[in-house]
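FYI, side chains are in, hydrogens and waters are out, and symmetry mates aren't considered; it's all heavy atoms of this structure. Lettering of chains follows the sequences in order, A, B, ..., and the numbering in each one begins at 1.
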Amino acid sequence: MKTFVGIDLGSTTTKAVLLDESCQVLGRGITNSRSNYAIATRIAGEEARVDARFTLFRRALTDSGDFGERVGEFLSAFERFFRLEQFIERLDDLEHTCIGQLKGGQFAALEARLSETLTETFIRVRREAGELYAPGGKRKSDFFRDIAGARFYAHAEAVSRETSFPYEVLLNSYDKAIIEVENRPPSGDLDAKFRRALARVLAEDRIAGAAAEWIRDSIDASLGLELEESYLVGTGYGRVTLPFSKEHIRSEILCHGLGAHLMYPQTRTVLDIGGQDTKGIQVDAEGLVTNFQMNDRCAAGCGRYLGYIADEMNMGLHELGPMAMKSERPVRINSTCTVFAGAELRDRLSLGEKREDIVAGLHRAIILRAISIISRSGGVTDEFTFTGGVAKNEAAVRELRKVLKENYGELTININPESIYTGALGAAEFARRAHSDGARAEGRA
Amino acid sequence: MTVTAGIDVGTGAVKAVLLRVEDGKVDWLARSLWRMRQRDPLELARVAFDQTLGEAGLSQREVSYVATTGEGESVPFHTGHFYSMTTHARGAIHLEPETRAVLDIGALHGRAISMDERGKVLNYKMTSQCASGSGQFLENIARYLGIAQDEIGSLSERADNPEVVSSICAVLAETDVINMVSRGISAANIIKGIHLSMASRLVKLLKSIDVRSGVVMVTGGLALDAGLIATLNEEIGNMKGMAATVRAHPDSQFAGAIGAALWGAYRFDRLAARGEMNCAA
Amino acid sequence: MNTTTTQQKAALRDVHKDASMRKQKAMMGAHYDRLTAAPQTGEKVCSTFVPGNLNELIDCFGLVNNLPEVNAIQNGLRRISGQYVLEAEKIGHSEDVCTYVKSDIGMMAKGNIAPNGRPFPKPDVLLLSYTGCFTFMKWFELLREQYRCETIMLHTPYLGDGTVTPNMIQYMVRQLRDEVIPKLERVSGVKFDIDRLRERLARSAQAEDDLVYVLRSARNRPSPIDAYFGGIYYIGPIFGAFRGSEDALEYYRFLRAEVDERIAAGTGPVTPEGDMGAEKYRLVVEGPPNYTNFRQFWKMFYDEGAVVVASSYTKVGGVYDLGFRHDPRKPLETLAEYCLGVYTNRSLPMRIDMLSRYLEEYQADGLLINSIKSCNSFSAGQLLMMREIERRTGKPGAFIESDLVDPRYFSAANIKNRLESYFQMIEQRRSGAAHAA
Amino acid sequence: MGASLSMSDVATIIARATALFEDLDFSAAREWKSARPERKVIGYMPIYVPRELIHAAGMLPLGILGGGDQLEVIHGDAYYQSYICRIPRSTIDLAVSGRLDFVDGMLFPSICDVIRNLSGMWKVMYPQVYSRYFDVPQNYCDAIGGNYYVNELAELREALGHLRGAPITDEELRGSIAAYNDNRRLVRQLYEYRRAKPWQAPATEVYLLTRAGLVLPVEQHSQLIRDYLSAAAAAERPRLDNCRIVLTGAFCEQPPLNLIKSLELAGCYVVDDDLLLVTRWLSEDVPTEGDALQNLAHAFLHHSESTAARYEPDASEKGQHLVRAVRRAKAEGVIFACPSFCDPALLDRPMLQRVLREAGIPYVAFKYSENFGQMQPIREQAGTFADSIKLWSAQ
Ligand SMILES: Nc1ncnc2c1ncn2[C@@H]1O[C@H](COP(=O)(O)OP(=O)(O)O)[C@@H](O)[C@H]1O
Ligand SMILES: Nc1ncnc2c1ncn2[C@@H]1O[C@H](COP(=O)(O)OP(=O)(O)O)[C@@H](O)[C@H]1O
Ligand code: SF4
Ligand code: SF4
Ligand code: SF4
């Protein structure tokens, strides 16, 4: 089948969206952006195709009334097993890479003991992998780096304590290996992994006989569908160095505008707060950008700001929002220079202000800065759509709602759980349109 | 004879010294340094001061003047406060009498100060609000690269092909660094690159206050970073019309505290002479 | 005409192009030579500004006109303004202030060398024709401190309410009559002769006619000129030291003929890389250009097929296309009116009217604002102007930021990003409109 | 407009001034206006407008100085690029957020291109509100600049008369001139008092008191200063080992109050400044006899303060006003505190610094913005300056 690919190379993450001919999202994929944009593009694309398979499975299985109700449950189990397969595979890769590094190099002196310690650590991480992917299992993030990292750190600390092997060395070894592993696209035969996962889920659900046969056939049929990449459009921060030719590139502003329009056709104002940039975009009823504004050469108040604060307080990024939510009286903060954030925090703490009030104040400061960019792009018009990584932060969202309400009255504010894919979605739609325009042009010729 | 204390409350650490000053002769009685690590600076000031008293076997009543500097304006037991450019200039002269300029490189700001042989501040300039090229930035990157603070200097000296960080913003520079790591640039070359960009900023600062020759003393925590000192000298060497020498002293981090204590002694004498002060604080 | 071959036509065009370009170059060269030779020839020098440039009057006294703004532009184009700005900042000027001033101050600190390689002479008089910008005042106070020469202030009231009042004219004529002219007489040693002034004003008016003709030619499709990047060359002589001279008359005659050729041939503007390709977008531009990366900046437009059909910057040294001409019948009043009417002395509502009118009259696709960090006079309020003009005309605006002569504020990637998005947006709107139709 | 009840202690007076300062909704002016249906309020920006004319029309001149560090600027950035100072953007924000909806007219003085253009923005955004760019002559000859100014004043007088529905009489005008003469005298007295005893009248208090004059009816303001002067004299306060400085460059966008406070914390007594110049722009009484407009014009041409927005025709006079201020206040140094991106203040600074160097007066300089929060570097620079004066001056 024909598919249309949109790639958004963000400063921190790379996103891919796959559309079918009727503008339905088939799949989404995400990975950390690295210096090598070609690899990031490939990985994100690969992830999106994996995701697309599940969409196709869903379509195949829902076609039959019998399975009806249970499709969702079944597919989520299926996906968990598949992800577990993937996780184990990459974990093995990671272990090999870690140990492979020992040959010569900076760890040579410690080689034997380090190898033992690493092996022990990986045994423990692998042992609990099943739990991570059990129903309701709590994973820190979608990225292998983060999931594996968190578990590795925890176990490495324990192991190093037991064996009195220097913890720092273990971390070092991990830090070096993870970059290599991350830069390798998911390897191996995907179909085989789907089938292994399918076998496990069928076994676990005790589905057998005709029913199992039918499911297997449906899945096989879906796997047989070729996902033909009919057109690809790239966008984003890395756009200038994108591994695509000019006609395959659209500005990120246009992509975000169109993406937001596709999600919410009534959208007129879009705010996107990413890792290093903040964009304010105005779109018309067709999703065409009429005006925009973005920060320039200064990363004040962007997503990374929260990262600095989290680092300073020794907390996870996802814990900041909840902490700020506890505040009743946010402190007033004027400076949003990301680098001085820590100093501002220390300053306020020494003045005796409460942590949650300061953190809430910092969230408000980010939002005010974003609002000033929105203002510069032409103000706020109903409906308002908030996208980008920071839209996941509940405290940022709360402050945004407050500020908008105080200053612009009641508005519809859209926040989509998939909002991080807005730019990629727009790009994919551009790909779809470019393809059909091309086809039309050919038809005419 | 005057016994004075100098307490330097920084953003990264609290430093305290106890000095005895007699007819221009200065004896170092005690010193103390406490890393801040999210603790209350005012409490640490007390702790550091008490530690110096204990070491010297003196009581607070025997100290004629307690001088604070840095962010120590609100230390409750101080006699007087001097601002850090005043004290760093004085402290640096004490450590190295030839000094005519100071580069104080702390966690967030860099300061260039020029002075005469008596420690009178002639001119000074601070880096602007933007934090790129600060100690904090270096610290963050070191943390990211898994490098301990005291390794930084020697690592930088091992660089063979430094990769220069061009972004003006520390955040954007951080991305540059992450990209460098994934391109396989060695930690040594990255650190040296950061040293280079810091040095270029700092040397410009010196130039802007017209320091062109003589001894420039680096004070503050980054004085311990031999790689930065070396880079500063290279940078000066490459600059037309600049002939200054940058040095650090093993006690550089105490320069502020020493300067404060010395100014305290001086002020005490003057006030005592005017009869405005006759007993210790 | 029908019988001339394409080749002949091309040859003719080349000749004409050469004529106006060569002429302008020669004029500029001769002017800088005259200026830098002043210490030898004994001619006296008067420094003044482009907006409110009283060239006819200055010339009446035999003074050589030196325009620091034009020098700054030259230094920008030759990419040496950056180091001058840094020099001025080292001497103690703030990073925040207008870089025209700093480029000038820095140039002085570094030997004050003119484009012909010889030092600029010390001015004998600073004519502070204070029109449309408060920075001028500080600029000449700074120069006065250096040169310690006579400084004459001619205060032009601002058209805050959008009209020229009799009080304003009277105030300016009195300043001219009782202060400016007597002081110029004293400095130059030449007695004021009103007929000499009239003669020059008459020549100005004629050249102005031709200039307006050239600027208006952009109403054609395709436009034979670029009214911003090319326009900067077209205004050179008349905004600079040549208004009222025979040279200027001749230059504009050449130029007009050349443009006629292009209209007849149906060709677009000439760019540094030759004739421009198909005209895809027609823009009105508000704000000065960037000079340090002028070529690169221009290229971002013609590479995309964008041509500027009208601009406000080509009105800073006088707004002629709305009807004003220098009038020899009322010499002092006409100078006053001229100063009062220059673009930067117009209130925001007047600027909005003018640009909206351009968008319609020149059938432009949209308004582009190049907001200049240095220039509060232009920049403060441009965001509102853009929105108001969009509202009135229904045409989209775009906003980019750079600086006149400070290369630090030219971020090519950023500007390109914005321009691309803008052009794609215009494209989309068109196809959107086409789809809807 | 009767004088308010007098207050007797410093704390109460300053509390009242602080409340006025912090009130971003201008409640006091709103109350004044709503007390009588015919009352009108005319806003004005720095540096100078002839408030006498507004007062003579029975209206309240209301000084508008941006939003300070307590206003969250939401809309303002839609109107201004990042390299333009703060005051116009927060002023626009005050307007867009409805805080100026009771203001019947706005005057934009001739101070710089930014305020000048703001006048045009006002006309576009609020076409129904009377607004005017109030130009003043840069020519100081009575027959030329003076004549022009008299005509400008006459136009304003007529417009204001029109706004209230009855022309302003000469009698009214003379009364207003007298009221403002009285007020200017008191403000000067306040400044003199501080020059003599800076520990008795801290810079923040003097600032808050002067600032109250921008929102209160002039008679009430005069009373407030009178009260303060007698209250301040009644209570001795400790004298600190501080140096004496003149603050300059802050004539338009206001520094945050914390900045002024920080200077004193850092060991500097502010003994003169160029804050809120409108309250003492005219340095001598304006005669109440004769042609009022002629008198105002004459005072403007020949007895007004010097600042960056004014052309100094005499090269040798450039900057001398600052030297005189230093001498008069027996100051030991000058602090240049200029708003970021303020062309007039920042372009003037090097010239003033040259004059100070020649006069042997030490100085230090930094920039601020009205919502600037990082006081530590300010304290450090001002403190080092104070240290160097304290440690070295007496030698
Ligand atoms: N769960 C979360 N909670 C809070 N903030 C988050 C979360 N996830 C991501 N972010 C923020 O989002 C930013 C990345 O956003 P993204 O839109 O992916 O940026 P870009 O497009 O620039 O790569 C991070 O810097 C982080 O601050
Ligand atoms: N051995 C070292 N090598 C390099 N940097 C160091 C070393 N020790 C301390 N620092 C740096 O010095 C800074 C603190 O210096 P200090 O002068 O105490 O700062 P402050 O006075 O601002 O507290 C920190 O940024 C820290 O990273
Ligand atoms: S360091 Fe801070 S102020 Fe400077 S560019 Fe980065 S975020 Fe902006
Ligand atoms: S502010 Fe603008 S008009 Fe004034 S001198 Fe500078 S560039 Fe020219
Ligand atoms: S602060 Fe300066 S630039 Fe800004 S409006 Fe005031 S005078 Fe103009």
(request) Against chain D, work out which of C:S377, C:G92, C:G381 has the most heavy-atom pairs shorter than 4.5 Å and name it. (result) C:S377
(message) To check you understand the geometry: which heavy-atom pair defines the closest contact between C:G160 and D:K123, and what is its length?
(response) O-CE, 3.2 Å
(message) At a heavy-atom distance under 4.5 Å, which candidate from D:L118, D:N147, D:V136 has the highest pair count against chain C?
(response) D:N147
(request) Applying side-chain contact (heavy atoms from CB on, under 4.5 Å), run through C:R144 and D:E312 and close with a yes or a no. (result) CA-CA 11 Å; C:R144 177 177 69 184; D:E312 175 52 69; 4.2 Å; yes
(message) Between D:D113 and C:C133, is there a side-chain heavy-atom distance shorter than 4.5 Å?
(response) yes
(message) Does any backbone or side-chain atom of C:L159 lie under 4.5 Å from a heavy atom of chain D? Answer side chain, backbone, both or neither.
(response) neither
(request) State whether the number of non-hydrogen atoms from other residues, nucleotides or ligands found under 6.0 Å of D:H162 atom NE2 is greater than 12. (result) no
(request) Could you pull out the closest heavy-atom pair between C:P157 and D:D135, with the gap in Å? (result) CA-OD2, 3.3 Å
(message) Quick check for you: to the nearest 0.5 Å, what is the distance between C:D161 atom CG and D:S131 atom OG?
(response) 7.5 Å
(message) Regarding D:K318 and C:E141, does a basic nitrogen lie under 4.0 Å from an acidic carboxylate oxygen?
(response) yes
(message) Ignoring hydrogens, what is the shortest heavy-atom contact between C:F134 and D:R116? Give both atom names and the distance.
(response) CE1-CD, 4.4 Å
(message) Can you tell me how far apart CG (D:L347) and CG (C:L142) are? Round to the nearest 0.5 Å.
(response) 6.5 Å
(request) State the CE-CG distance between D:M121 and C:L348, to the nearest 0.5 angstrom. (result) 7.0 Å
(request) Fit a plane to each ring of C:Y171 and D:Y148, take the angle between them on a 0 to 90° scale, and name the class: parallel (under 30°), tilted (30 to 60°) or perpendicular (over 60°). (result) parallel
(message) As a quick check of understanding, evaluate salt bridge (charged side-chain N to carboxylate O under 4.0 Å, His left out) for C:K138 and D:D343, giving each step before the final call.
(response) CA-CA 9 Å; C:K138 297 290 118 184; D:D343 266 30; over 6 Å; no
(request) Count the heavy atoms of every other residue, nucleotide or ligand shown that sit under 6.0 Å from CZ of C:R148, and state whether that count exceeds 12. (result) no
(request) Examine whether an atom of C:I372 lies under 4.5 Å from a heavy atom of chain D, and if so say whether it belongs to the side chain, the backbone or both; otherwise answer neither. (result) backbone
(request) Using the side-chain hydrogen bond (donor to acceptor under 3.5 Å, both in side chains) rule, take D:Y83 and C:S374 through it: C-alpha gap first, then chi angles, then the decisive distance, then the call. (result) CA-CA 9 Å; D:Y83 45 77; C:S374 273; over 6 Å; no
(message) At a 4.5 Å cut-off on heavy atoms, which part of C:Q175 comes close to chain D: side chain, backbone, both, or neither?
(response) both
(message) Out of D:E155, D:Q353, D:M125, D:R354, return the one with the most heavy atom pairs under 4.5 angstrom to chain C.
(response) D:R354
(request) Answer yes or no: does atom CZ of C:R387 have more than 12 heavy-atom neighbours from other residues, nucleotides or ligands under 6.0 Å? (result) yes
(request) Could you look at D:S110 and say if it's the side chain, the backbone, both or neither that has a heavy atom under 4.5 Å from chain C? (result) both
(request) Would you check if there is a donor-acceptor pair between the side chains of D:N151 and C:N167 at a distance under 3.5 Å? (result) yes
(request) Take atom CD of C:E185 as the centre, draw a 6.0 Å sphere, and report whether it contains more than 12 heavy atoms from other residues, nucleotides or ligands. (result) yes
(request) Can you measure from CD (D:Q138) to CE (C:M153) and round to the nearest 0.5 angstrom? (result) 4.5 Å
(request) Indicate the atoms forming the closest heavy-atom contact of D:R349 with C:S94, along with that distance. (result) NH2-CB, 4.1 Å
(request) Under 4.5 Å heavy-atom distance to chain C, tell me which part of D:I111 shows up: side chain, backbone, both or neither. (result) backbone
(message) Under 4.5 Å from any heavy atom of chain C, what part of D:A143 do you find: side chain, backbone, both or neither?
(response) backbone
(message) Taking side chain as everything from C-beta outward and backbone as N, CA, C, O, which of these in C:Y130 sits under 4.5 Å from a heavy atom of chain D? Side chain, backbone, both or neither.
(response) side chain
(request) Under 4.5 Å heavy-atom distance to chain C, tell me which part of D:R310 shows up: side chain, backbone, both or neither. (result) backbone
(message) For D:L346 versus C:D96, what's the shortest heavy-atom pair and its separation?
(response) CD1-CB, 3.7 Å
(request) Could you tell me which portion of D:P137 (side chain, backbone, both or neither) has an atom closer than 4.5 angstrom to a non-hydrogen atom of chain C? (result) both
(message) Does any part of the side chain of C:H155, heavy atoms only, come nearer than 4.5 Å to the side chain of D:Y311, both counted from C-beta?
(response) no
(request) Could you tell me which non-hydrogen atom of D:Q81 sits nearest to which non-hydrogen atom of C:S371, and how far apart they are? (result) NE2-OG, 2.7 Å
(message) Between D:Y80 and C:S379, is there a side-chain donor-acceptor contact under 3.5 Å, judged purely by atom types and distance?
(response) no
(request) Among D:G120, D:A365, D:C342, single out the residue with the greatest number of heavy-atom pairs under 4.5 Å to chain C. (result) D:G120
(request) Would you give the length of the straight line joining atom CG of D:N139 to atom CG of C:L154, rounded to the nearest 0.5 angstrom? (result) 9.0 Å
(message) Counting heavy-atom pairs under 4.5 Å with chain D, which one of C:E179, C:M172, C:Q170, C:Q382 comes out on top?
(response) C:E179
(request) Measure distances from D:C338 to the heavy atoms of chain C and classify the residue's part below 4.5 Å as side chain, backbone, both or neither. (result) neither
(message) Is D:I84 in contact with chain C via its backbone, its side chain, both, or neither, using a 4.5 Å heavy-atom distance?
(response) side chain
